[in-house]
Amino acid sequence: MHTTTADDATAMFTREKRIWFHHCDPAGIVFYPQYLLLMNEVLQEWFESGLRTDYAGLFAERRLGIPTARLECDFHAPSRLGDRVRFALCLNRIGNSSFHLHFSGTGADPADVRVRIKAVLVCISLDSHRPVPIPGDIRDEMQRWLVPAAAAATT
């Protein structure tokens, strides 16, 4: 399942990910840091498909980085080998150099919440490692995805 358009105030960028052996711990469930790797994959896909921005080009040509400055994770239920988890990304705030994202991971039933993640990312210069304003072309694309915080909190 892929959503790559933001048509209304409740639009989300979604990707379905299969849980593989390398995601799991000896108990046979997702080892919690693997959710962060899956979240980062969704983030990169959002830049490429949702924001129409060359993710690799940010680093190589534009010399921009987008490190995570704040991260909050809530783990609600386990995911197991072979499960398909639907990850949804919501953008709920755009600052001068930072932006706030909410991610959720669910089973086939949206009520089957596995993980919720809140993240604040900051646009930085890779030369100075200091915050810089989000470039106008990226900011314009982000505006299409901006949802109210209340709506993002329910994902």
Side-chain angles (χ1 to χ4, degrees), residues 1-20 23 30 32-76 79 84-155:
M1 176 185 310
H2 300 302
T3 302
T4 56
T5 59
D7 296 327
D8 58 42
T10 60
M12 295 176 283
F13 183 84
T14 63
R15 288 293 187 261
E16 186 176 272
K17 300 286 185 177
R18 185 149 186 210
I19 301 303
W20 296 102
H23 294 125
V30 170
Y32 71 93
Q34 293 292 341
Y35 279 122
L36 301 179
L37 295 172
L38 290 161
M39 176 199 79
N40 200 61
E41 286 179 13
V42 173
L43 173 73
Q44 290 178 56
E45 292 174 20
W46 179 58
F47 263 82
E48 290 280 335
S49 298
L51 300 181
R52 300 182 274 217
T53 299
D54 177 19
Y55 191 78
L58 286 176
F59 304 96
E61 286 117 36
R62 296 171 88 164
R63 302 288 302 145
L64 296 174
I66 49 167
T68 301
R70 182 169 178 6
L71 192 61
E72 181 179 327
C73 305
D74 294 307
F75 304 99
H76 296 273
S79 296
R84 294 191 182 277
V85 178
R86 178 183 178 263
F87 287 89
L89 174 155
C90 288
L91 171 67
N92 73 329
R93 184 178 182 281
I94 307 169
N96 181 50
S97 60
S98 66
F99 53 100
H100 296 224
L101 299 173
H102 285 198
F103 294 85
S104 64
T106 66
D109 177 353
D112 179 16
V113 177
R114 312 292 177 81
V115 63
R116 290 186 199 269
I117 300 169
K118 295 179 186 178
V120 177
L121 288 85
V122 178
C123 185
I124 66 164
S125 160
L126 290 179
D127 297 321
S128 69
H129 294 280
R130 304 292 307 157
V132 294
I134 298 167
D137 61 318
I138 296 173
R139 179 180 295 281
D140 290 346
E141 290 295 326
M142 284 180 167
Q143 291 292 338
R144 299 182 320 107
W145 292 95
L146 189 60
V147 296
T154 63
T155 63

Under-4.0 Å salt bridge between D137 and R139 =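 So D137 does not pair with R139 through a salt bridge.
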Is the closest basic N to carboxylate O distance between E72 and R70 below 4.0 Å?
->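 Salt bridge: yes.
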Taking the side chain as C-beta and beyond, is there a heavy-atom pair between [X] and [Y] under 4.5 Å?
{"X": "L64", "Y": "P135", "result": "yes"}
{"X": "I134", "Y": "N96", "result": "no"}
{"X": "L36", "Y": "C73", "result": "yes"}
{"X": "L91", "Y": "M142", "result": "yes"}
{"X": "T106", "Y": "F87", "result": "no"}
{"X": "R15", "Y": "S49", "result": "yes"}

Just verifying a value: how many Å separate [X] [atom1] and [Y] [atom2], rounded to the nearest 0.5 Å?
{"X": "I94", "Y": "N92", "atom1": "CD1", "atom2": "CG", "answer": "9.5 Å"}
{"X": "I117", "Y": "S104", "atom1": "CD1", "atom2": "OG", "answer": "9.0 Å"}
{"X": "L89", "Y": "T14", "atom1": "CG", "atom2": "OG1", "answer": "10.0 Å"}
{"X": "R52", "Y": "W46", "atom1": "CZ", "atom2": "CH2", "answer": "12.5 Å"}
{"X": "F103", "Y": "L38", "atom1": "CZ", "atom2": "CG", "answer": "11.0 Å"}
{"X": "W20", "Y": "Q34", "atom1": "CH2", "atom2": "CD", "answer": "14.0 Å"}

Before giving the answer on side-chain contact (heavy atoms from CB on, under 4.5 Å), spell out for C123 and F99 the whole-Å C-alpha distance, their side-chain angles and the decisive distance to 0.1 Å.
-> CA-CA 8 Å; C123 185; F99 53 100; 5.5 Å; no
Kindly indicate, with the supporting measurements, whether the criterion side-chain contact (heavy atoms from CB on, under 4.5 Å) is fulfilled by I66 and L43.
-> CA-CA 10 Å; I66 49 167; L43 173 73; 4.2 Å; yes
Evaluate side-chain contact (heavy atoms from CB on, under 4.5 Å) for V113 paired with D74, printing each intermediate quantity in order.
-> CA-CA 10 Å; V113 177; D74 294 307; over 6 Å; no
Closest heavy-atom pair and its distance - [X], [Y]:
{"X": "S97", "Y": "V132", "result": "CB-O, 2.9 Å"}
{"X": "Y35", "Y": "S79", "result": "OH-OG, 2.8 Å"}
{"X": "M12", "Y": "A88", "result": "SD-CB, 3.7 Å"}
{"X": "I138", "Y": "F47", "result": "CG2-CE2, 4.3 Å"}
{"X": "L121", "Y": "A119", "result": "CD1-CB, 3.8 Å"}

Has the side chain of W145 got a donor or acceptor atom that lies under 3.5 Å from a matching backbone atom of G50?
->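 Side chain of W145 to backbone of G50: a pair is present.
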Output yes when a side-chain donor or acceptor of T53 lies under 3.5 Å from a complementary backbone atom of Y55, and no otherwise.
->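 Flag not set: sc T53 to bb Y55 has no pair under 3.5 Å.
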Taking C90 as the fixed residue, which of L101, L146, V147 is the one that meets the side chain to side chain contact (heavy atoms under 4.5 Å, CB included) rule?
->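 With C90 as partner, L101, L146, V147 yield a single side chain to side chain contact (heavy atoms under 4.5 Å, CB included), made by V147.
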Would you find more than 12 non-hydrogen atoms of other residues, nucleotides or ligands less than 6.0 Å from K17 atom NZ?
->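 Enclosed.
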Evaluation steps, side-chain contact (heavy atoms from CB on, under 4.5 Å), between D54 and E48 = CA-CA 6 Å; D54 177 19; E48 290 280 335; 3.6 Å; yes
In terms of ring plane angle, is the pair F75 and Y32 parallel, tilted or perpendicular, where the classes change at 30° and 60°?
->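 Plane angle over 60°, so perpendicular.
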Can you check salt bridge (charged side-chain N to carboxylate O under 4.0 Å, His left out) on R86 and E16, steps first, answer last?
-> CA-CA 4 Å; R86 178 183 178 263; E16 186 176 272; over 6 Å; no
